[in-house]
Amino acid sequence: MAKYNTFVVCDCRRRKNLLVTSSARKAKGELCTGIKVEVWNENTHIETIYSRKAKDLDKYITLEKQYIAKKQANAQRRNEQRRRKNHGL
């Protein structure tokens with residue numbers, strides 16, 4: 001299964017899933033009273049986060065930002081190499 005974190009936003013009163021996403025920031029935006037976020041990784045339940053402990057999502061947000069920064073750095077490096085190659089021809 002997926003080797004990344006999956007966040008399931010659930011309504012506690014109706015016991016229904018509202019959103020399934022891999023974005024911690026999007027999950028935190030949906031978090032409020034009566035809503036919980038379950039964190040899953042490779043079909044294993046990692047933890048459940050309620051609105052009172054919303055700060056527990058910050059570690060996942062930090063990891064998400066680091067991943068995005070790494071992707072952007074790789075893309076910039078790739079684009080720079082393409083520019084050098086095209087100008088050299």
Side-chain angles (χ1 to χ4, degrees):
M1 202 64 195
K3 293 194 181 239
Y4 51 86
N5 293 323
T6 303
F7 302 93
V8 181
V9 180
C10 305
D11 186 345
C12 296
R13 292 181 199 121
R14 288 187 244 149
R15 296 181 184 231
K16 296 212 177 207
N17 295 338
L18 302 175
L19 175 70
V20 178
T21 182
S22 60
S23 172
R25 288 185 275 185
K26 189 178 284 189
K28 188 173 183 179
E30 297 289 324
L31 194 60
C32 63
T33 304
I35 304 292
K36 68 180 177 181
V37 175
E38 295 179 349
V39 182
W40 293 78
N41 191 331
E42 294 187 31
N43 287 341
T44 305
H45 182 259
I46 305 299
E47 66 179 312
T48 301
I49 300 170
Y50 294 92
S51 62
R52 281 175 267 163
K53 294 191 173 189
K55 290 184 180 181
D56 290 350
L57 274 172
D58 291 343
K59 61 184 172 186
Y60 298 107
I61 292 173
T62 303
L63 291 172
E64 182 179 349
K65 286 181 180 181
Q66 289 173 353
Y67 172 74
I68 291 170
K70 186 191 289 186
K71 266 180 46 174
Q72 286 178 338
N74 287 338
Q76 287 176 344
R77 191 177 321 112
R78 233 181 4 256
N79 290 339
E80 185 62 33
Q81 288 174 352
R82 286 182 189 155
R83 281 189 213 115
R84 287 181 188 163
K85 184 178 177 182
N86 288 339
H87 287 305
L89 295 176

Within one Ile-Leu-Val-Met-Phe-Trp-Tyr cluster: Y67 and V39, side-chain cutoff 4.5 Å
no
Please say yes or no: joined through hydrophobic side-chain contacts below 4.5 Å, possibly via intermediate residues, are I46 and I49 part of one cluster?
yes
So, do Y60 and F7 have ring centers that fall under 6.0 Å from each other?
yes
Take E80 and R84, measure what salt bridge (charged side-chain N to carboxylate O under 4.0 Å, His left out) needs, and give me the verdict at the end.
CA-CA 6 Å; E80 185 62 33; R84 287 181 188 163; 3.6 Å; yes
Distance (rounded to the nearest 0.5 Å) between [X] [atom1] and [Y] [atom2]:
| X | Y | atom1 | atom2 | value |
| --- | --- | --- | --- | --- |
| Q81 | K85 | CD | NZ | 10.0 Å |
| I61 | Q66 | CD1 | CD | 12.5 Å |
| K36 | L18 | NZ | CG | 11.0 Å |
| T33 | R52 | OG1 | CZ | 8.5 Å |
| L63 | I68 | CG | CD1 | 11.0 Å |

If we check salt bridge (charged side-chain N to carboxylate O under 4.0 Å, His left out) with E64, which of these qualifies: R25, K70, K71?
R25
With side chains defined as the heavy atoms from C-beta onward, is the minimum distance between K28 and V37 less than 4.5 Å?
no
Are K26 and L19 packed together at the side-chain level, in the sense that at least one heavy-atom pair is separated by less than 4.5 angstrom?
yes
Should the pair E47-K59 be classified as a salt bridge under the 4.0 Å nitrogen-to-oxygen rule?
yes
In terms of side-chain geometry, is the basic nitrogen of R14 or D11 positioned less than 4.0 Å from the acidic oxygen of its partner?
yes
State, without any angle test, whether R83 and N86 hold a side-chain donor-acceptor pair at a distance under 3.5 Å.
no
Look at the side chain of S23 and the backbone N and O of T21, then say whether any donor-acceptor pair between them is shorter than 3.5 Å.
no
Looking only at heavy atoms, what is the nearest atom pair of [X] and [Y], with distance?
| X | Y | result |
| --- | --- | --- |
| I35 | C12 | C-SG, 4.2 Å |
| L57 | A27 | CD1-C, 4.5 Å |
| R13 | G34 | NH2-CA, 4.2 Å |

